[in-house]
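Take a look at the structure set out below.
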Amino acid sequence: MPELPEVETIRRDLEKALLHKTFSQIEVIDPFVLRTPQDKFIDALKKKSVEAIDRRGKALIVTCVGRDKVYLVVQLMMTGQLIIEGVPDKHTRIIFHVGNGRDRSLMLYNDQRRFGQLRVVKDLSDVKHLSLLGPEPFDAAFNPKYILEYTRHSKRPIKNLLLDHTFVAGIGNIYACEILFRCGLSPKRLAGRLSLAQAKDIHQYSIQVLNEAIEARGSSMRNYRDASGQEGGFKKLIRVYAREGENCPRCQSPIQRTVQAGRSTFYCPQCQK
DNA sequence: AGGTCGACCTGGCAGC
DNA sequence: TGCTGCCAGGTCGACC
């Protein structure tokens with residue numbers, strides 16, 4: 001579900017709610033979402049205190065300290081949610097009890113489709129997905145030169161490349177469409193044919209779109225909720241995604257939908273060449 | 001080797 | 001109302 005801006009919003013919320021608090025108890029309702037054996041998962045987190053909450057791509061990394069240091073890695077995938085102070089429902093898979101006595105609270109892991117994954121590791125390099133990730137869009141390593149060099153020999157459409165997390169981490173289907181719209185670039189354009197100016201646009205508009213979305217606390221299409229269960233505000237700012245048939249905000253011609261790499265792409269054929 | 005495609009799950013919605 | 005088919009923000013492994 002969530003892409004970089006949504007996960008970053010959740011990360012900031014969790015930081016306010018969880019930092020330096022202790023997991024007093026972990027209730028596993030549905031072990032299906034665990035990638036660490038249930039008893040190990042509970043044992044590794046119980047009585048640990050949260051030292052840091054980081055994000056890498058679309059993954060959340062909760063650093064927990066106690067007898068030893070462990071990392072809780074959460075990939076929300078399509079429908080995962082981490083909710084503070086929510087009421088458990090039929091999609092609640094894990095309940096984290098936080099704090100003690102008067103300062104008690106709950107953090108729920110909800111996940112309708114159960115694609116999400118939670119694991120506990122002692123060493124982040126044990127998480128294969130993390131080791132495969134390309135640079136963060138806000139990193140200096142993600143720059144026009146990198147984009148040009150990475151794509152030089154590529155025969156893939158630029159949209160597919162933006163979705164490839166080994167190229168750049170955290171961009172998903174919504175933001176890939178929005179970034180290309182702002183660039184005025186067709187999602188079907190071959191990545192290997194980019195000019196330096198176009199690589200600069202991709203770099204600049206990636207950062208711009210993602211920053212605006214973080215500012216608006218993410219987009220809510222279907223299932224996305226922040227850590228307090230609220231929808232994000234970027235939905236109103238989305239110009240093409242899921243707007244098939246509506247007028248392009250720039251030229252008024254109808255936005256089209258097509259399918260690339262098995263996923264919907266929305267774009268304006270007039271503005272995006 | 002690079003790139004594409006189904007599979008993984010559940011549920012909402014449109015159309016009949 | 002109920003059924004069917006399609007669609008969904010991600011990721012991986014099988015396959016071409």
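Each chain gets a letter, A, B and so on, in the order the sequences are listed, and its residues count up from 1.
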### Task
In sequence, state the C-alpha distance, the side-chain angles, and the governing distance for A:Tyr146 and A:Phe167, and then conclude on ring pair (Phe, Tyr, Trp, His ring centres under 6.0 Å).
CA-CA 9 Å; A:Tyr146 167 81; A:Phe167 168 59; 5.7 Å; yes

### Complementary nucleotide for B:dC9 - Watson-Crick or wobble, under 3.5 Å
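Matched B:dC9 with nothing under the 3.5 Å cut-off.
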
### Message
Only pairs with both distances under 3.5 Å count, Watson-Crick or wobble alike; so what is the partner of B:dA1 in this structure?
### Response
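Matched B:dA1 with nothing under the 3.5 Å cut-off.
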
Output the rounded distance in Å from [atom1] ([X]) to [atom2] ([N]).
{"X": "A:Leu60", "N": "C:dG10", "atom1": "CG", "atom2": "C1'", "answer": "14 Å"}
{"X": "A:Tyr224", "N": "B:dG11", "atom1": "OH", "atom2": "P", "answer": "22 Å"}
{"X": "A:Asp164", "N": "B:dA1", "atom1": "CG", "atom2": "P", "answer": "17 Å"}
{"X": "A:Asp30", "N": "B:dC9", "atom1": "CG", "atom2": "C1'", "answer": "11 Å"}

Selection from [options] that lies nearest to any side-chain heavy atom of [X]:
{"X": "A:Arg113", "options": "C:dG10, B:dT10, B:dT4", "result": "B:dT10"}
{"X": "A:Arg257", "options": "C:dT11, B:dG3, C:dC7", "result": "C:dC7"}
{"X": "A:Lys58", "options": "B:dG11, B:dC9, C:dG10", "result": "C:dG10"}
{"X": "A:His165", "options": "C:dC12, B:dC9, C:dG13", "result": "C:dC12"}
{"X": "A:His129", "options": "B:dT10, B:dT4, C:dC12", "result": "C:dC12"}
{"X": "A:Arg156", "options": "C:dG10, B:dG3, C:dA8", "result": "B:dG3"}
{"X": "A:Pro157", "options": "C:dT11, C:dG10, B:dT4", "result": "B:dT4"}

Is the distance from OP1 or OP2 of [N] to the nearest side-chain N or O of [X] less than 4.0 Å?
{"X": "A:His91", "N": "B:dG11", "result": "yes"}
{"X": "A:Ser264", "N": "C:dA8", "result": "yes"}
{"X": "A:Thr79", "N": "B:dC9", "result": "no"}
{"X": "A:Lys90", "N": "B:dT10", "result": "no"}
{"X": "A:Lys159", "N": "B:dT4", "result": "no"}
{"X": "A:Asn160", "N": "B:dG3", "result": "no"}

### Message
Taking only the P atom of each, what is the distance from B:dC9 to C:dA14 in whole angstrom?
### Response
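After rounding to an integer number of Å, I get 15 Å for this pair.
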
### Residue mapping more 5' on DNA chain C - nearest nucleotide basis, A:Gly262 or A:Lys128
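Residue closer to the 5' terminus by nearest nucleotide: A:Gly262.
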
### Task
Using heavy atoms to find the nearest nucleotide of DNA chain C for A:Gln112 and A:Gln117 separately, return the residue whose nucleotide is more 5′.
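The residue closer to the strand's 5' end, by nearest nucleotide, is A:Gln112.
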
### Query
Under 5.5 Å between ring centres and under 30° between planes: true for A:Phe115 and the base of C:dT11?
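Here the ring of A:Phe115 and the base of C:dT11 are not stacked, as the 5.5 Å and 30° limits are not both satisfied.
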
### Query
Is the closest side-chain heavy-atom distance between A:Leu237 and A:Glu178 below 4.5 Å?
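Result no, sub-4.5 Å side-chain heavy-atom pair not found.
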
### Task
May I ask you to say whether A:Glu3 pairs ionically with A:Lys58, meaning some side-chain N is under 4.0 Å from a carboxylate O?
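A:Lys58 and A:Glu3: not salt-bridged.
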
### Test: A:Glu212 and A:Arg182 ion pair at under 4.0 Å
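A salt bridge links A:Glu212 with A:Arg182.
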
### Task
Apply side chain to side chain donor-acceptor pair (under 3.5 Å) to the pair A:Lys273 and A:Ser186, showing each step before the final yes or no.
CA-CA 5 Å; A:Lys273 299 289 183 190; A:Ser186 166; over 6 Å; no

### Query
Are A:Arg250 and A:Phe181 in a cation-pi setup, meaning NZ or CZ lies under 6.0 angstrom from the ring centre and within 45 degrees of the ring axis?
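Checked: cation-pi criterion met.
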
